[in-house]
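These numbers were taken from a predicted model, which means no experiment stands behind them. Just so it is clear: chains get the letters A, B, ... in the order the sequence lines come, proteins before strands, and each one is counted from 1.
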Amino acid sequence: METTALEHRFNQKIEREEKIEPKDWMPEDYRKNNIRQISQHAHSEIVGMLPEANWITRAPSLRRKVALLAKVQDEAGHGLYLYSAAETLGTDREEMIDDLHSGKAKYSSIFNYPTTTWADIGAIGWLVDGAAITNQVALCRTSYGPYARAMVKICKEESFHQRQGYEIMCAMAFGTPEQKAMAQDALNRWWWPSLMMFGPTDGDSVHSQKSMDWKIKRYSNDELRQEFVDKTVAQAEYLGLTIPDPDLTYNDETGHYSFGEIDWKEFYQVISGNGPCNKERIEARRKAHEDGAWVREAANAFAQKRANQQVA
Amino acid sequence: MEQEKQKAALNLSLVMGDNALILGHRLSEWCGHGPILEQDIALSNIALDLIGQARLWLSHAGKLQGGKSEDDLAYHRDVFDFHNFQMVETPNGHWGKTLLRQFLYDAWHHAMLQKLVLAQDEDIAGIARKSLKEVNYHLRWSSEWVIRLGDGTEESAAKMQDAYADVWPYVGELLQKDFWLKELDQWIPGFTADEILAQWWKTVREVFSQANLPAEPMDWLYRKGHLGHHTEHLGFILAEMQFLPRAYPDATW
Ligand SMILES: [Fe+2]
Ligand SMILES: [Fe+2]
């Protein structure tokens with residue numbers, strides 16, 4: 001079959017909402033686009049472990065400690081599913097990890113912010129996992145089969161994380177005055193970066209249009225951001241906390257909240273490597289990988305030895 | 001007699017609970033920094049199991065102390081009140097050291113639990129039963145890793161020798177039977193320190209022979225972690241672990 005015929009068939013599949021599977025023909029750009037997005041997503045899960053793992057040893061009760069450890073472990077699991085999904089497109093994990101360490105591959109900018117108090121663990125669960133769910137629920141219907149299926153699994157766990165985070169916020173917002181102040185401080189610091197998680201506004205988004213045509217992306221960045229703001233404002237009100245945006249108002253006509261201008265300068269600084277923790281995050285991942293090289297080599301050598309013994 | 005028994009049960013719960021808590025704490029330090037994603041997950045799993053077990057043991061100990069909670073015990077005791085072995089508070093070092101320490105503890109933990117499930121005290125037997133299921137897996141996993149690294153590359157074998165030099169001097173405390181193990185054999189039927197220790201040696205010899213490590217007794221220092229005499233490391237673990245409840249005594253989280 002000629003490329004045009006193949007392409008026609010591919011487009012029809014997309015049209016009919018059929019999933020594209022690893023063995024199916026696909027345009028090279030579609031493949032690349034998916035590899036970029038899925039690996040970026042996988043890296044976000046893995047780098048995202050770091051700011052939260054920062055508080056495991058300091059969790060304020062054993063119940064919270066277990067829940068946080070389990071949460072961070074879930075994120076590692078998400079990373080694994082996603083690396084596997086990306087591998088079905090003909091890349092491999094080692095290669096993707098190298099791209100992360102060299103700075104060639106990106107990850108979500110949110111994880112370049114520091115977790116300085118325990119309330120940050122609540123705020124991350126509530127806002128960051130909350131924003132992630134908004135994105136990911138939409139991705140459950142993405143056109144590439146393995147990615148869509150990974151998302152279905154992941155979404156279930158993310159909504160659990162979100163509830164857990166909100167529960168931490170509740171305990172603090174309804175706790176002592178110091179705890180409430182800590183919760184407010186965390187909201188102040190995490191609110192805007194959470195809105196930035198949805199990416200640039202639609203007009204400035206480099207990858208968006210093609211991704212929309214191929215149904216990799218189903219909703220635009222701005223649509224998803226709006227959905228997140230709409231559902232989160234009431235949650236903040238219930239906590240008695242103030243969202244740090246003087247321009248936030250409910251618009252009766254549209255039925256949506258309108259909100260202030262995001263500091264795009266900060267956003268671009270953070271994604272270009274100049275955020276508060278970019279260096280530490282990548283350095284920590286690189287160190288884990290390099291320090292672990294001898295372990296991986298030993299495991300391979302041992303497996304090889306055993307395989308040889310079996311042959312002999 | 002009843003009082004003696006209660007005291008032994010409390011002591012046992014603190015030894016088991018504190019070991020699980022402090023070792024779980026050490027393992028949780030690896031979370032996000034493991035050498036392979038799959039193994040990062042596996043080690044976090046073991047940390048989760050251990051902290052879960054610590055909650056059961058410490059809740060039980062709290063009950064025996066007249067209604068203290070697991071968190072009272074975890075967050076509001078100082079170093080001299082902790083009953084864990086010194087070995088579990090030692091720093092993680094590299095992956096091989098963490099795994100060797102884990103294996104040596106797992107071998108002891110497993111042998112202990114196999115006996116504790118027979119305890120007439122239903123609380124203790126119940127915690128032991130639940131823990132044993134998990135520790136079966138811990139022991140299998142850490143045994144495999146010790147063998148894999150001991151018999152992997154030249155570099156990994158050398159690292160395991162270093163790990164051995166670090167950890168082995170601490171295992172003596174697991175094998176001291178003069179104090180608390182002796183008390184236990186008075187009220188747990190079929191519990192003999194000798195049997196537990198024989199089981200430990202058997203496990204260790206089997207694994208070490210495949211990992212090219214020597215399993216020889218040494219002239220061990222009498223260590224007293226289980227009596228509340230610790231290394232300098234434990235204070236830092238507690239400073240980190242207990243910071244929030246101590247800084248905000250009126251708060252619940
Ligand atoms: Fe996740
Ligand atoms: Fe999550």
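- Between chain B and the options A/Ala70, A/Ala284, A/Ala293, heavy-atom pairs under 4.5 Å are most frequent for A/Ala70.
- A donor atom on one side chain and an acceptor atom on the other are not found under 3.5 Å apart for B/His226 and B/Asn84.
- In terms of non-hydrogen atom pairs under 4.5 Å with chain A, the most contact-rich of B/His33, B/Gln242, B/Glu154 is B/His33.
- For A/Arg58, the parts lying under 4.5 angstrom from a heavy atom of chain B are both the backbone and the side chain.
- Using bins of under 30°, 30° to 60° and over 60° for the plane-to-plane angle, the ring pair A/Tyr147/A/His41 lands in the perpendicular bin.
- Chain A forms more heavy-atom pairs under 4.5 Å with one residue of B/Arg26, B/His94, B/Glu240 than with any other, namely B/Glu240.
- Your options are A/Arg285, A/Gln304, A/Arg63, and the one with the most heavy-atom pairs under 4.5 Å with chain B is A/Arg63.
- Residue A/Lys287 does not touch chain B at all, counting heavy-atom pairs closer than 4.5 Å.
- Your options are B/Arg55, B/Glu155, B/Met241, and the one with the most heavy-atom pairs under 4.5 Å with chain A is B/Arg55.
- Within the 6.0 Å centre-distance limit, the rings of A/His289 and A/His101 are counted as a close aromatic pair.
- For the residue pair A/Asn112 and A/Ser109, no side-chain donor N or O sits within less than 3.5 Å of a side-chain acceptor on the partner.
- For the pair A/Lys153 and A/Tyr81, the cation sits on the ring face: its NZ or CZ lies under 6.0 Å from the ring centre, inside 45° of the axis.
- For a residue to count as touching a neighbouring chain, one of its non-hydrogen atoms must lie under 4.5 Å from one of that chain's; by this rule A/Met182 touches chain B with the side chain only.
- For A/Arg306, the part lying under 4.5 angstrom from a heavy atom of chain B is the side chain only.
- Only the side chain of B/Ala74 comes within contact range of chain A, with at least one heavy atom under 4.5 Å from a heavy atom of that chain.
- Chain B forms more heavy-atom pairs under 4.5 Å with one residue of A/Tyr83, A/Phe302, A/Trp118 than with any other, namely A/Phe302.
- At a threshold of 4.5 Å between non-hydrogen side-chain atoms, the residues A/Leu100 and A/Arg286 do not count as touching.
- Looking only at atom types and distance, the side chain of B/Tyr105 has no donor-acceptor partner in the side chain of B/His138 under 3.5 Å away.
- With contacts defined as side-chain heavy-atom distances shorter than 4.5 Å, the pair A/Tyr107/A/Ile271 does not qualify.
- Of all the listed residues (B/Leu149, B/Asn45, B/Thr153, B/Asp151), the one sharing the greatest number of non-hydrogen pairs under 4.5 Å with chain A is B/Asp151.
- Within the 6.0 Å centre-distance limit, the rings of B/Trp108 and B/Phe85 are counted as a close aromatic pair.
- Highest contact tally toward chain B, considering only A/Leu62, A/Ile46, A/Leu80, is held by A/Leu62 [criterion: heavy-atom pairs under 4.5 Å].
- You'll find the ring centres of A/Trp294 and B/Trp95 outside the 6.0 Å limit.
- Separation of the A/Phe174 and A/Tyr238 ring centroids falls under the 6.0 Å cut-off.
- For B/Thr252, the part lying under 4.5 angstrom from a heavy atom of chain A is the backbone only.
- With a 4.5 angstrom heavy-atom cutoff, A/Ser61 touches chain B via backbone and side-chain atoms both.
- In this structure, the portion of A/Gln179 lying under 4.5 Å from any heavy atom of chain B is its side chain and not its backbone.
- When the candidates A/Cys170, A/Ala299, A/Gly175 are compared by the number of heavy-atom contacts under 4.5 Å with chain B, A/Ala299 comes out ahead.
- The contact between B/Ile147 and chain A is made by backbone and side chain atoms together, counting heavy-atom distances below 4.5 Å.
- The neighbour count for B/Tyr75 OH, taken as heavy atoms of other residues, nucleotides or ligands under 6.0 Å away, is above 12.
- Taking the ring axis of B/Phe82 as reference, the NZ or CZ atom of B/Arg77 stays within 45° of it and closer than 6.0 Å to the ring centre.
- Heavy-atom pairs under 4.5 Å with chain A peak, among B/Leu21, B/Ile51, B/Ile41, at B/Ile41.
- Only the side chain of B/Asp40 comes within less than 4.5 Å of a heavy atom of chain A; its backbone N, CA, C and O stay farther away.
- Side-chain contact, B/Gln86 with B/His230: no donor N or O sits under 3.5 Å from an acceptor N or O.
- Interface remark: A/Ile97 contributes no atoms to any contact with chain B (heavy atom separation under 4.5 Å).
- Here A/Val66 is the residue among A/Val66, A/Thr117, A/Ile56 with the most heavy-atom pairs under 4.5 Å with chain B.
- With a 4.5 angstrom heavy-atom cutoff, A/Ile168 does not touch chain B via any of its atoms.
- In this structure, no portion of B/Trp30 lies under 4.5 Å from any heavy atom of chain A.
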